[in-house]
Amino acid sequence: MNVPHYWYNINVDLLKPLPPPIDPYETDSRIALLMRILPSELLDQEFTPLRYVPIPEEIRELYERMGRPTPFKRAHGLERALGNGIRIYYKFEGALPAGSHKLNTAIPQVHYAMRDGAKEVVTETGAGQWGLAVSLAAALMGVKATVFMTKNSYLNKTHRVLFMKTYGADVYPSPSELTRYGREAIKSRPDHPGSLGLAITEAIEFTLGGEGRKYIPGSVLGFVVLHQTVIGQEVLQQMPEEPDLVIGCVGGGSNFSGFSFPMIGARLRNEGFEKTRFLAVESMAAPKLTSGKYMYDFPDTGGLLPMIKMLTLGHDYVPPPTHAAGLRYHGAAPSLSMLVREGIVEARAYGQEEVMEAARLFARTEGIIPAPESAHAIKAAIDEARRMPRDSVIFFNLSGHGLLDVDAYSNTR
Amino acid sequence: MEIRRPGIGAYVTATYPSKNDFLNAVRCLSEVSDFLEVGIPTNNPKYDGPVIRKTHFASELKGLDAVNVTRYGKVPTILMGYVEDYVNNLELVIKTASEVGASSVLLPDLLFEHLDKLEEYVMAMRNHSLRPVFFISSNTPHRLVSVLVKYEPLFIYLGLYAATGIKLPLYIERNIKEVRKLVDNVTLIAGFAINTPEMVKLVIGAGADAVVVGTALVDKLTNQRACMEFMLSLRGGLP
Ligand SMILES: Cc1ncc(COP(=O)(O)O)c(C=O)c1O
């Protein structure tokens, strides 16, 4: 089995230590609350001193059954279309059955929730990719999944709602009437499109409201990033040459980080990738990396989680609707935020029309219909390829396929 | 003054709940502790849990005035304060420490949020003939820890959890063992949420040289007997 044996923890290789999560002053301890909602092993992983965290065998087996290692492919068709002698490779996380990288952390999180005796896992989802991954992981391991999906996506991404239900999950549009925060949001704005931050708040409130429930988050937190490094750990084994440029899209930062951190870590330890640039691409709908502030903020709109120091647009920022619903999030993972601040990772924001145009070019040249989120990475790869010298090498992460993003493809030219 | 190994230290916030209670607590804790950690009261004790935060808000005096109410030194005494409150005035804190007889100044946010002040801190400490000390967490970058070791600190303090007084389901034994490997021979102190002799035993057994007790002491500070008995019971966990 070629599935990596270890996840990689970049925190211990950073140039500066990550500031700890802190409690707000106004309320009771949010750090203490984490113990009631999160599987305990995840809390340990959040603070682990280990550089390489062993992947339990049960999880490696599920990774393999679901199709890991995922393909690392040369984009011959796209290269030909660009015609300037750049070599482009991409990692295809859309090859996983739920369609995106999200399964990489859904599997361990559900596994650890069950080890704590959970009968039900609760979460939020934007585009529905995370909700779908959790629904699948829960089905594989035989527990119930309950998903709060941002309303705008719930209404537009009906196929993902359908398939979450096919896997056996309960799915609610957020804001919903099931929680106090949901009811308040609806009252203040009846046409509220929802936001990932708000959906997180609802999922946590719902978790606290019943027995045997654990909350499992889809991005931003350290252990999510840790699990996603299985992507980059595979790339280290699969790559035929070192890249000049590594690109990924950013919602909360998990696929970009999972893909790039094993390479960035090697660079920080002076073990290669000296000349490699790293580029994180976000949506203009939620441009925290390019326009956010580096400060302590809540990961969720309701402020139920502890504050973390990150690049953020503010936890009450409601991103405008965009086809890349998975990028509609106000903050970015603390480790990634720090790397952007330190200038090790570059950041750029794109608008949805230009991104969907890149998605179409990729579909025609490579055959894969990319997720609108992932298409942000494609757009950057194309733009960069056009100005890099011949024989340059680009890697990007194709975090998901877009076969269920019918709305995105039908509403743009 | 070196910290005795193995040892137990007591944390108190200066002039909480009142100047007199604090002075009594310092006197009595000096009898039963190997060292003291004295918090400089602040409006923004951000890395502290709810119990210690309250002591900051409820102290009789604030800032360095609160520390300046006595001379310390019966046992090694460490002042604890946030860089954030003294960004342009680290020198003043260190000078005060030296004047009141403290052995060092622990700045928990130095490495996490003011790493650019590291050299300045170490220099200022040396100018006052004090040895630096550093606060780290379990996932502090390994390379930074080796840099700290080169400064020959009086000790390195490992915060076992995210905030004082809040236990999380972490493998603290493993974390102490890993950090022990990184800090070499430097005295390693561990703290946050230590409240039983069993826990003292476990933490020392895992490789820490000393522990600090803070949150668990707060409700006993005004009762000298309870305070002493509690510290003595914790000492039962020492080898
Ligand atoms: C396909 C895809 N890519 C990227 C993202 C963005 O999330 P993250 O930045 O955590 O990878 C999402 C989120 O839903 C997604 O579905």
Let me know if B:Leu168 has heavy atoms under 4.5 Å from chain A in its side chain, its backbone, both or neither. both
Under 3.5 Å, is there a donor on one side chain and an acceptor on the other for B:Asn43 and B:Lys62? no
Check: A:Tyr52 ring centre within less than 6.0 Å of A:Tyr8 ring centre: yes
Chain B heavy atoms under 4.5 Å from A:Glu41: which part of the residue, side chain, backbone, both or neither? side chain
Residues A:Asp44 and B:Arg174 bridged, charged N to O under 4.0 Å: yes
With a 4.5 angstrom heavy-atom cut-off, which part of A:Asp13 approaches chain B: side chain, backbone, both or neither? backbone
Under a 3.5 Å cutoff, is there a donor and acceptor pairing between the side chains of B:Thr187 and B:Arg5? yes
Give the ring-plane orientation class for A:Phe278 versus A:Phe273, where under 30° counts as parallel, over 60° as perpendicular and anything between as tilted. tilted
Below 4.5 Å, heavy-atom pairs only: which of A:Ser40, A:Ser29, A:Pro49 has the largest tally toward chain B? A:Pro49
Check ion pair A:Arg213-A:Glu120 (N to O, under 4.0 angstrom): yes
Chain A contact via B:Phe57 - side chain, backbone, both or neither, heavy atoms under 4.5 Å: side chain
Go through the atoms of A:Leu50 and report whether side chain, backbone, both or neither lie under 4.5 Å from a heavy atom of chain B. side chain
Honestly, the part of B:Leu115 sitting under 4.5 Å from a heavy atom of chain A is side chain
So which residue, B:Ile172, B:Ile136, B:Asn44, ends up with the most heavy-atom pairs under 4.5 Å with chain A? B:Asn44
Which answer fits A:Tyr296, side chain, backbone, both or neither, if we ask what part of it has an atom under 4.5 Å from a heavy atom of chain B? side chain
Under 4.5 Å from any heavy atom of chain B, what part of A:Pro306 do you find: side chain, backbone, both or neither? neither
Answer with side chain, backbone, both or neither: which region of A:Leu34 has an atom nearer than 4.5 Å to a non-hydrogen atom of chain B? neither
Using a 4.5 angstrom heavy-atom cutoff, name the option from B:Asn175, B:Val145, B:Asp48 with the most pairs to chain A. B:Asn175
Less than 3.5 Å apart, any donor N or O on the side chain of B:Thr222 or B:Asp21 sitting next to an acceptor on the other? no
Does B:Glu198 pair with B:Lys201 as a salt bridge, N-O distance under 4.0 Å? no
When you check the gap from the basic side-chain N to the acidic O, do B:Glu113 and A:Lys309 get nearer than 4.0 Å? yes
Name the option with the most non-hydrogen atom pairs under 4.5 Å to chain B; the candidates are A:Asn9, A:Asn11, A:Val12, A:Leu18. A:Val12
